[in-house]
**Student:** 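Attaching a single structure in structure tokens format; questions to follow.
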Amino acid sequence: MKGLCRDERWEDAGALIAEMVRKDCPPDEVTFNTVISYLCHRGLVDCAMEVVEQMPKYGCKPDNFTNSALVNAFSEHRCVDDALELLRTIPWKPNTVCYRSVLKGLCRADRWEDVGKLVAEMIRNQMNLDEVTFGLIIDCLCQKGLVDYGAEVLGEMTKFGCSPDIIMYNSLINGFSENGSVDDALELFKNLSCKRNVVTYNYMLKGLCRAERWEDAGKLVAEMVKDECLLNEVTFSTLISYLCQKGFVECAIEVFEKMPKYNCMPNVIIYSTLINGLSEQECVDDALKLLNDMPCKADTICYSAALKGLCRAERREDAGFLESATEVCELMLKYEYMPNVFIYSSLINGFAEQNRAEDTLKLLRNMQCEPDTICYSAALKGLCRAK
DNA sequence: CTAGGGTTAG
């Protein structure tokens, strides 16, 4: 059942339940809760509710698992007030997980007063306020820029027998570097009361990269290796994307080339980032080489990044880059990738600037997608320039 | 056997 749900094969899941009934092996709460929780995760809240209504027919009653899934889905996919209302209609004392799902919705909606009230209610009901609950609140505060409050909650929670753990520290480090100063983040990073993990390092790295503190970033990675903390794909993605963004594409390439040494495989997004970076730095040949040597399948964004470089080069040097651009387009079609409107408009514009009205028109007429205004304008430009 | 706090990117 779990497998079918994970693959979103809802009809098969329904058929399986029917089969269970037929074979005298009736579905139980666990069966239903599995289906319900997956439906909820996919945002199919109405379907989930329908399944809940089917439960009594099979002698099953919704329990804490059912309700926490629904409350969570209401919080995420609907209005958090629906979640709150559902919490109130549960005919028994809902457990911490159910409460926490509502808290999550309230935190995300920035309804801190209501968060406080609900926490007070939990305390009144002598419910277990655990690390997970505090971790959730701290992270939301940090994400909303209320890092100081996050730090305050971290201090207060010891009253409830909770001690700070690495997940909370990670949220705070990220919060400080995004919404405060990266030095505050570093300060905390250096004085943690528990062992750092790869997420800690990656957050810290992101902060340093954003601040363009490349030397510190380099030192951090060295420290990571020394600490025997394995660099992962996030580490590399972070470095590569920030280096490209800030115009240091050569460094990004160096980092990229080190990936295999750390058992990390670059994915299509990393490739498109690099191709785009090379195109923007007017290294179109390198961009094309990277595109051609990709071990994974290139997607539209990779192609359009390369085309961007080609079209720029064309404008600059009056060379035969548009021919390569057309070739790239053909390559795309060969691999059954649809060039998108952006690609077409770049190409049409490229031909127009070369006064090649015929090619411009031909391209416009043979487009594999709906031309937009920019395509038409570019074609018009070609026609006008050719007289 | 089911639920729950933290990473990256075009």
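Because the structure is predicted, anything quoted here is derived from the model rather than measured. All chains are named by letter (A, B, ...) in the order of the sequence lines, taking the proteins before the strands, and each is independently numbered beginning at 1.
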**Student:** Could you state the atom-to-atom distance from CD of A:Glu76 to C1' of B:dG5 in whole Å?
**Tutor:** 13 Å
**Student:** Using whole Å, what does the distance between atom C1' of nucleotide B:dT8 and atom CG of A:Leu243 come to?
**Tutor:** 13 Å
**Student:** Atom CG of A:Leu172 to atom C1' of B:dG5: distance rounded to whole Å?
**Tutor:** 12 Å
**Student:** Quick one: do A:Ile348 and A:Tyr376 end up in the same hydrophobic cluster if we chain Ile, Leu, Val, Met, Phe, Trp and Tyr together by side-chain heavy atoms under 4.5 Å apart?
**Tutor:** yes
**Student:** Nearest to the side chain of A:Ile301 - B:dG5, B:dG10, B:dG4?
**Tutor:** B:dG10
**Student:** Compute whether any side-chain donor of one residue and acceptor of the other, for A:Glu121 and A:Tyr99, lie under 3.5 angstrom apart.
**Tutor:** yes
**Student:** By nearest atom, which of the nucleotides B:dG4, B:dG10, B:dT2 is closest to the A:Lys104 side chain?
**Tutor:** B:dG4
**Student:** Test for a donor-acceptor pair under 3.5 Å between the base of B:dG10 and the side chain of A:Thr273, counting only N and O atoms.
**Tutor:** no
**Student:** Considering only heavy atoms and no angle criterion, is a donor-acceptor pair shorter than 3.5 Å present between the side chain of A:Asp299 and the base of B:dG10?
**Tutor:** yes
**Student:** With a 4.0 Å heavy-atom cut-off, tell me which residues in residues 218-238 of chain A come close to DNA chain B, sorted by residue number.
**Tutor:** A:Asn232, A:Glu233, A:Val234, A:Ser237, A:Thr238
**Student:** Give the nucleotide from the list B:dA3, B:dA9, B:dG10 with an atom nearest to the side chain of A:Ser241.
**Tutor:** B:dA9
**Student:** Quick one: sort the A:Tyr58 and A:Phe32 rings into parallel, tilted or perpendicular, breaks at 30° and 60°.
**Tutor:** tilted
**Student:** Check this for me, if you would: do A:Lys195 and A:Asp165 make a salt bridge, where the nitrogen-to-carboxylate-oxygen distance has to be below 4.0 angstrom?
**Tutor:** no
**Student:** Send over the distance from A:Ile173 CD1 to B:dT7 C1', rounded to a whole Å.
**Tutor:** 12 Å
**Student:** Report the nucleotide, chosen from B:dG4, B:dT7, B:dA9, that has the shortest atom-to-atom distance to any side-chain atom of A:Tyr203.
**Tutor:** B:dT7
**Student:** Establish, yes or no, whether the cationic atom of A:Arg196 lies under 6.0 Å from the six-membered ring centre of A:Phe189 and within 45° of the ring axis.
**Tutor:** yes
**Student:** Counting only side-chain heavy atoms from C-beta out, which of B:dG4, B:dG5, B:dA3 sits nearest to A:Glu131?
**Tutor:** B:dG5
**Student:** Can you tell me the distance, in whole Å, between the CE atom of A:Met259 and the P atom of B:dA9?
**Tutor:** 14 Å
**Student:** Under 3.5 Å, is there a donor-acceptor pair linking the side chains of A:Thr96 and A:Asn128?
**Tutor:** no
**Student:** Is it the case that the side chains of A:Ser279 and A:Asn276 hold a donor-acceptor pair, with the cut-off being a distance below 3.5 Å and no angle test?
**Tutor:** no
**Student:** Of all the nucleotides listed (B:dA9, B:dT8, B:dT2), which has the minimum atom distance to the side chain of A:Phe65?
**Tutor:** B:dT2
**Student:** Using a 4.0 Å heavy-atom cut-off across all strands, classify A:Met1 as base, sugar-phosphate, or nothing.
**Tutor:** nothing
**Student:** State whether the distance check finds a donor on one side and an acceptor on the other, under 3.5 Å, for side chain A:Asn95 versus base B:dA3.
**Tutor:** yes
**Student:** Looking only at side-chain N and O atoms, does A:Lys2 come under 4.0 Å of OP1 or OP2 in B:dT2?
**Tutor:** yes
**Student:** Under 3.5 Å, is there an N or O donor on one side and an acceptor on the other linking the side chain of A:Asp165 and the base of B:dG5?
**Tutor:** yes
**Student:** Counting side-chain heavy atoms from C-beta on, which of B:dA3, B:dT7, B:dG10 comes nearest to A:Gln143?
**Tutor:** B:dT7
**Student:** With a cut-off of less than 4.0 Å, is there a side-chain N or O of A:His41 near OP1 or OP2 of B:dG4?
**Tutor:** yes
**Student:** Starting from C1' on B:dG10, measure out to NZ on A:Lys246 and report it in whole angstrom.
**Tutor:** 16 Å
**Student:** Hey, does A:Asn267 reach any base, or is it just sugar-phosphate, or nothing, if we go heavy atoms under 4.0 Å?
**Tutor:** base
**Student:** Nearest to the side chain of A:Asp28 - B:dA9, B:dG4, B:dC1?
**Tutor:** B:dC1
**Student:** Only pairs under 3.5 Å count here: list side-chain donor-acceptor contacts from residues 107-120 of chain A, not counting sequence neighbours, and write none if there are none.
**Tutor:**
residue  : atom : partner  : partner atom : Å
A:Arg108 : NH1  : A:Glu76  : OE2          : 3.2
A:Asp110 : OD1  : A:Trp112 : NE1          : 2.6
A:Arg111 : NE   : A:Asp114 : OD2          : 2.9
A:Arg111 : NH1  : A:Asp81  : OD1          : 3.4
A:Arg111 : NH1  : A:Asp81  : OD2          : 3.2
A:Arg111 : NH2  : A:Asp81  : OD1          : 2.9
A:Arg111 : NH2  : A:Asp114 : OD2          : 3.1

**Student:** Which residues within residues 147-163 of chain A lie with some heavy atom under 4.0 Å of an atom in DNA chain B?
**Tutor:** none
**Student:** May I ask you to evaluate whether A:Ser37 reaches the phosphate of B:dA3, defined as a side-chain N or O under 4.0 Å from OP1 or OP2?
**Tutor:** yes
**Student:** Hey, does A:Asn202 reach any base, or is it just sugar-phosphate, or nothing, if we go heavy atoms under 4.0 Å?
**Tutor:** base
**Student:** Does any donor atom in the side chain of A:Asn174 or A:Asn179 lie under 3.5 Å from an acceptor atom in the other side chain?
**Tutor:** no
**Student:** Could you state the atom-to-atom distance from CD1 of A:Ile240 to P of B:dA9 in whole Å?
**Tutor:** 12 Å
**Student:** Would you mind telling me which of A:Asp286, A:Asn292, A:Asp293 makes a side-chain hydrogen bond (donor to acceptor under 3.5 Å, both in side chains) with A:Lys289?
**Tutor:** A:Asp293
**Student:** Do the rings of A:Tyr262 and A:Phe236 sit parallel, tilted or perpendicular, given the 30° and 60° boundaries?
**Tutor:** tilted
**Student:** Please state how far atom CG in A:Asn67 lies from atom C1' in B:dT2, giving the value in whole angstrom units.
**Tutor:** 13 Å
